[in-house]
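Everything on this sheet refers to the single structure shown next.
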Amino acid sequence: MKIAIHSLHCRRDASELLRGIDLTIEPGSFTVLVGPNGAGKSTLLRLLSGEMTGYSGRIQWGEWVLEAWPVRDLARRRAVLPQESTLQFPFTVREVVLLGRAPHLNGRESAYDDEIARRALVAADLDGFAERIYTTLSGGEKQRAQFARVLAQALTPPKEESSWLLLDEPVSNLDPAHAFGLLEAVRGEVERGAGVIAVLHDLNLAARYADRIIFLKEGRVWCDGLPDEVLSPEIIRDVFSVAAEVVRTPEGAIAVHLAPLKM
Amino acid sequence: MRADGAWSILWDLRMPRILFAIVVGAALAAAGAIMQGLFRNPLADPSLLGVSAGAAMGAVTVMILNILPGVSTIVGALGRAALPVFSFGGALAATWLVYRIAWSEGRTVVAAMLLAGIAVNALAMAYIGGAVFMADYGQIREFHFWMLGSLSAASWGSLVALAPFTILPLVLIAGLARPLNVLLLGEAEAGHLGFNVQRIKRWTVFLAAAMAGGAVAFCGVIGFVGLVAPHLVRLSIGPDHRSLLPGAVLLGAALLLAADWAARVLAAPAEIPVGILTALVGAPFFLVLLVRGKSRLFGA
């Protein structure tokens with residue numbers, strides 16, 4: 001199932017959030033959205049997930065437009081990690097992760113759901129946190145628990161078609177090791193066929209993990225391509241208004257160094 | 001003859017009263033529990049929707065404003081049913097108003113519901129104040145006693161009248177358990193998990209208003225059962241609504257049964273309004289919750 005976006009416009013009050021987006025995004029690849037604050041990255045994700053309504057243009061998931069999808073069917077095929085969460089009730093981490101199974105359940109959780117939750121916890125490096133109370137976790141641990149919940153929602157039996165993951169700043173509260181760990185886990189899902197669209201602010205992480213980077217600025221796609229093609233000092237300066245140096249490490253990885261623009 | 005008298009006390013007085021306490025306690029606790037899920041706040045209560053204030057408006061209308069021409073006709077026609085009918089009507093009307101005000105672009109904004117509830121409560125208090133201003137001493141005392149809450153209206157007849165507003169919702173809330181669990185994650189998250197958030201909100205408000213409105217219509221304002229019972233259950237077995245709701249229903253029934261027994265026994269042969277007892281125990285409990293949860297609620 002691929003995502004096709006045609007001529008997507010969105011405005012709220014006086015401000016134009018998106019000014020004509022056309023994109024086709026294939027499953028089995030990791031697409032990263034980057035851009036300055038207010039560029040429309042979150043708006044695009046929220047429109048794609050159906051959380052936000054009121055746009056012109058067309059959003060198509062597989063064969064159907066977004067509005068034609070029964071919400072529960074869509075929830076079985078794409079999971080969404082919002083920027084921040086506000087859960088204030090003392091669920092255990094395992095219970096939070098099992099909530100991700102809700103769209104797949106008809107009765108109680110089965111042993112299969114428990115197994116999925118366990119795998120999601122391992123992927124989020126929360127092995128051993130299952131019985132901890134969510135509200136007592138640190139910010140980064142909460143973010144990983146929410147990621148595990150989203151992963152538990154997206155994990156499908158081997159023979160079924162893979163799901164989509166929409167991740168809005170999934171590593172904003174994570175230390176470097178856990179940021180790598182989480183994106184490795186995402187990468188693993190991509191290798192198994194999942195489609196991923198993530199908003200990231202760290203261009204080095206984008207360079208390391210993305211198959212495709214889309215630069216958004218002022219509600220438009222500024223530039224779209226392989227990390228190799230689009231991570232250039234000129235594009236970074238034009239989009240972010242910072243000076244950039246892009247170098248290749250001896251191992252062949254792309255490293256981006258940023259500095260303020262000289263006035 | 002004596003045996004008949006004892007049987008009559010047991011069957012005609014004690015039995016309906018016990019069942020009344022069970023049903024009302026269960027309904028208040030269930031209404032509190034689902035409201036707390038809806039507002040995602042363990043301190044929420046149906047009175048936030050204006051349920052109690054609306055019911056009190058209905059009550060003063062019957063007790064004090066029954067001199068008004070149209071009102072007197074209706075109150076006269078309804079007879080003893082006038083008080084519950086008016087207070088239940090008031091509770092539903094206030095809730096409906098709050099719900100409508102919070103409605104925006106096809107969905108209900110929960111924060112707006114809270115603010116609308118405050119405004120509707122203030123408006124109701126003005127109406128009640130105006131009525132009390134016109135009342136004589138006896139009417140004020142009668143209204144005041146109603147506000148304090150009591151199960152003295154218990155009878156087989158009132159039990160039958162109360163049942164549809166409490167028993168049916170108590171069954172229906174089972175269907176809200178999983179949706180409310182998911183809603184605790186957040187409205188957007190519940191939507192992403194494939195739930196119709198607007199429908200969850202509508203059912204929650206409707207069922208909470210029916211249960212709390214039904215209870216208040218027959219018993220006046222009995223506070224804190226809806227707060228204490230769900231919270232104690234949450235502390236012992238966690239916030240999963242699939243176990244929280246049945247637990248709160250049982251505990252709420254037990255709490256009100258105990259409170260009503262104490263209300264009848266403590267100052268016998270006089271009877272203390274049961275709302276005084278539940279507030280006396282519940283208010284300090286509420287404060288302890290507030291102090292202990294302050295860091296989480298206010299980020300301090």
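Everything numeric in this text was worked out from a predicted model, so none of it was measured. Chain letters run A, B, ... following the sequence lines, proteins first and then strands; every chain starts at 1.
- A salt bridge is defined here as a Lys NZ or Arg NE, NH1 or NH2 lying under 4.0 Å from an Asp or Glu carboxylate O, and Arg242(B) with Glu109(A) meets this definition.
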Stepwise side-chain contact (heavy atoms from CB on, under 4.5 Å) check, Arg149(A) with Leu193(B) = CA-CA 10 Å; Arg149(A) 168 180 71 77; Leu193(B) 284 164; 3.9 Å; yes

request  = Report the C-alpha separation of Leu87(A) and Glu189(B) in whole Å, then their side-chain angles, then the decisive distance to 0.1 Å, and conclude whether the side-chain contact (heavy atoms from CB on, under 4.5 Å) test is met.
outcome  = CA-CA 10 Å; Leu87(A) 177 60; Glu189(B) 286 86 342; over 6 Å; no

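- More than 12 heavy atoms of other residues, nucleotides or ligands shown are found within 6.0 angstrom of CD on Glu131(A).
- The 12-atom threshold is exceeded at CH2 of Trp69(A), counting heavy atoms of other residues, nucleotides or ligands nearer than 6.0 Å.
- The backbone N or O of Glu187(B) sits nowhere less than 3.5 Å from a side-chain atom of Glu51(A) that would complete a donor-acceptor pair.
- No donor-acceptor distance shorter than 3.5 angstrom exists from the side chain of Arg234(B) to the backbone of Pro90(A), with no hydrogens or angles considered.
- If you measure heavy-atom distances from Arg108(A) to chain B, the contacts under 4.5 Å come from both the backbone and the side chain.
- Heavy-atom contacts from other residues, nucleotides or ligands closer than 6.0 Å to CD of Glu26(A) number more than 12.
- Between chain B and the residues Val150(A), Leu105(A), Leu166(A), the largest count of heavy-atom pairs under 4.5 Å involves Leu105(A).
- Rounded to the nearest 0.5 Å, atoms CG (Asp240(B)) and CZ (Phe89(A)) are 12.5 Å apart.
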message = Set out, in order, the CA-CA distance, both residues' side-chain angles and the distance that settles side-chain contact (heavy atoms from CB on, under 4.5 Å) for Arg178(B) and Leu99(A), then state yes or no.
response = CA-CA 9 Å; Arg178(B) 193 194 301 279; Leu99(A) 286 177; 5.9 Å; no

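- Residues His192(B) and Ala75(A) come closest through the heavy atom pair O-CB, 3.3 Å.
- Other residues, nucleotides and ligands place no more than 12 heavy atoms under 6.0 Å from the CH2 atom of Trp203(B).
- Proximity to chain B (any heavy atom under 4.5 Å) is shown, for Ile133(A), by neither the backbone nor the side chain.
- Both the backbone and the side chain of Pro103(A) come within contact range of chain B, judged by heavy atoms closer than 4.5 Å.
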Residues Gln88(A), Asn41(B); criterion side-chain contact (heavy atoms from CB on, under 4.5 Å); working and verdict = CA-CA 8 Å; Gln88(A) 286 196 339; Asn41(B) 186 325; 5.9 Å; no

